[in-house]
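Working notes, beginning with the structure itself.
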Amino acid sequence: MTAPTLSVTRIAGALGAEVSGVDLGDLDDTTFAQIHAAWLEHQVLFFRDQDLSPERHKAFGRRFGPLQIHPFLHSRKDEGHPEIVILESDADRPAVAAGWHTDVTFVESPPMGSILRAVEAPPFGGDTMWSSMVAVYESLSDTMQRLLSGLVAIHDTARTFSRSAYPAEKHPDRDAMPSVEHPVVRTHPETGRKALFVNPAFTSRIKGMRRRESETLLGFLYGLTGTPEFTCRFHWQKNSIALWDNRCTQHRAVADNLAAHRRMERVTIEGDRPR
Ligand code: SIN
């Protein structure tokens, strides 16, 4: 049997490609292998018109590995889908995830990737941006790369999922979540490429540096994240899907249409310990 024709079109220079000619709800092994290879190459893939049920959304995620249950974010657990996180905003509910981040780096083994589906998309605005941490790393001088490669950063929940906003009574897992250490530069376990692995949502400081030194260095690195040449941007329609590699990217929602109803659902795939 011949494999279906899948077409992969790059949308930006550093990362991102749109894939067409595929039904994510009904994937054979050959097509999955093509998607997997394209994902490693482009870091984030986009698909249109994928009307996936929660079961199929999860089944697509499980092709990559076990799914994570998020310790803090609201999910569809009451419907039997604790693996599906809901990110919803409108005039009364502020935009979620509107700052650069890499998902869940406050655990020892942060997710490998995430699959986000637009259930309700705004008529304009509400895009999502991604930035390639490979491109950021590769833009640095050899001297800076060497300095960063010897450093370790502390990641925790203090900035984004604080104890006051997400108390232990409601989130019993939180006390089992001390701060964790990750290398500032990680080597991708599948591609072997090096990527910067710090983010403003969950990295609190660089180990062994004075506070001012750590803040200055992290501030410099975060300033590079939004450089247009390192990013791509996706405009959502209902049933669009983004699949990103969390080991080498950051992403953020663009909060530019606050009145519109926007509902996204995400599954998150477990990953390994950064090295
Ligand atoms: C996320 O951070 O997973 C969601 C990003 C978005 O809603 O655009």
Side-chain angles (χ1 to χ4, degrees), residues 11-12 15-16 18 39 43-48 50 52 54 57-58 60-61 64 67-77 81-107 110-133 155 157 159-161 165-166 197-203 222 225-226 231-271:
I11 67 159
L15 79 172
E18 189 152 339
W39 174 61
Q43 304 173 39
V44 52
L45 296 181
F46 306 106
F47 306 83
R48 299 279 185 195
Q50 304 290 329
L52 296 187
H57 189 175
K58 292 196 296 187
F60 179 46
F64 295 85
L67 301 182
Q68 186 207 49
I69 295 181
H70 198 286
F72 300 111
L73 292 174
H74 183 48
S75 76
R76 292 184 67 171
K77 71 170 183 300
H81 305 296
E83 308 89 343
I84 301 187
V85 158
I86 302 169
L87 300 146
E88 194 163 23
S89 57
D90 56 28
D92 301 317
R93 288 173 290 186
V96 189
W100 287 110
H101 64 284
T102 300
D103 293 329
V104 197
T105 64
F106 51 85
V107 298
M112 156 200 305
S114 297
I115 303 172
L116 188 67
R117 184 170 81 93
V119 176
E120 195 71 52
F124 62 89
D127 297 356
T128 304
M129 295 180 70
W130 283 263
S131 179
S132 169
M133 294 300 105
H155 296 238
T157 54
R159 275 187 181 74
T160 302
F161 298 114
Y166 296 84
F197 197 65
V198 285
N199 71 91
F202 304 122
T203 306
Y222 297 159
T225 305
T231 69
C232 71
R233 182 170 177 143
F234 184 63
H235 180 65
W236 297 95
Q237 295 161 348
K238 188 180 171 67
N239 291 325
S240 302
I241 282 197
L243 157 67
W244 64 88
D245 192 330
N246 204 50
R247 299 164 291 190
C248 55
T249 60
Q250 288 194 49
H251 59 281
R252 57 161 297 169
V254 179
D256 61 349
N257 186 355
L258 298 178
H261 182 210
R262 180 181 191 268
R263 179 181 167 121
M264 316 297 278
E265 294 187 357
R266 187 181 94 194
V267 299
T268 309
I269 308 146
E270 285 185 3

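Note: hydrogens, waters and symmetry copies are ignored here, and every other heavy atom, side chains too, is used. When a ligand or atom number is given, it counts from 1 through the structure's own listing order. Here the structure is a predicted model, which means the values were calculated and not measured.
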So what's ligand 1 close to, N/O to N/O, under 3.5 Å?
residue	atom	partner	partner atom	Å
ligand 1	2 (O)	H101	NE2	2.8
ligand 1	2 (O)	H251	NE2	2.9
ligand 1	3 (O)	R266	NH1	2.8
ligand 1	7 (O)	R262	NH1	2.9
ligand 1	7 (O)	R262	NH2	3.4
ligand 1	8 (O)	T128	OG1	2.5
ligand 1	8 (O)	R262	NH2	2.7

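- Side chains of R266 and T268: a donor-acceptor N/O pair is present below 3.5 angstrom, by distance only.
- Shown here for P200 and W100, the closest heavy-atom pair between the two residues is CG-O, 3.4 Å.
- In this pair, F202 and H101 present their aromatic rings perpendicular. The plane angle is above 60°, beyond the 30 to 60° band.
- Of the listed residues (H81, R76, H57), just one forms a side-chain hydrogen bond (donor to acceptor under 3.5 Å, both in side chains) with E265, and that residue is R76.
- Classification of the F161-F72 ring pair by plane angle, with boundaries at 30° and 60°, yields parallel.
- H251 and N246 share no donor-acceptor pair across their side chains, judged by distance under 3.5 Å alone.
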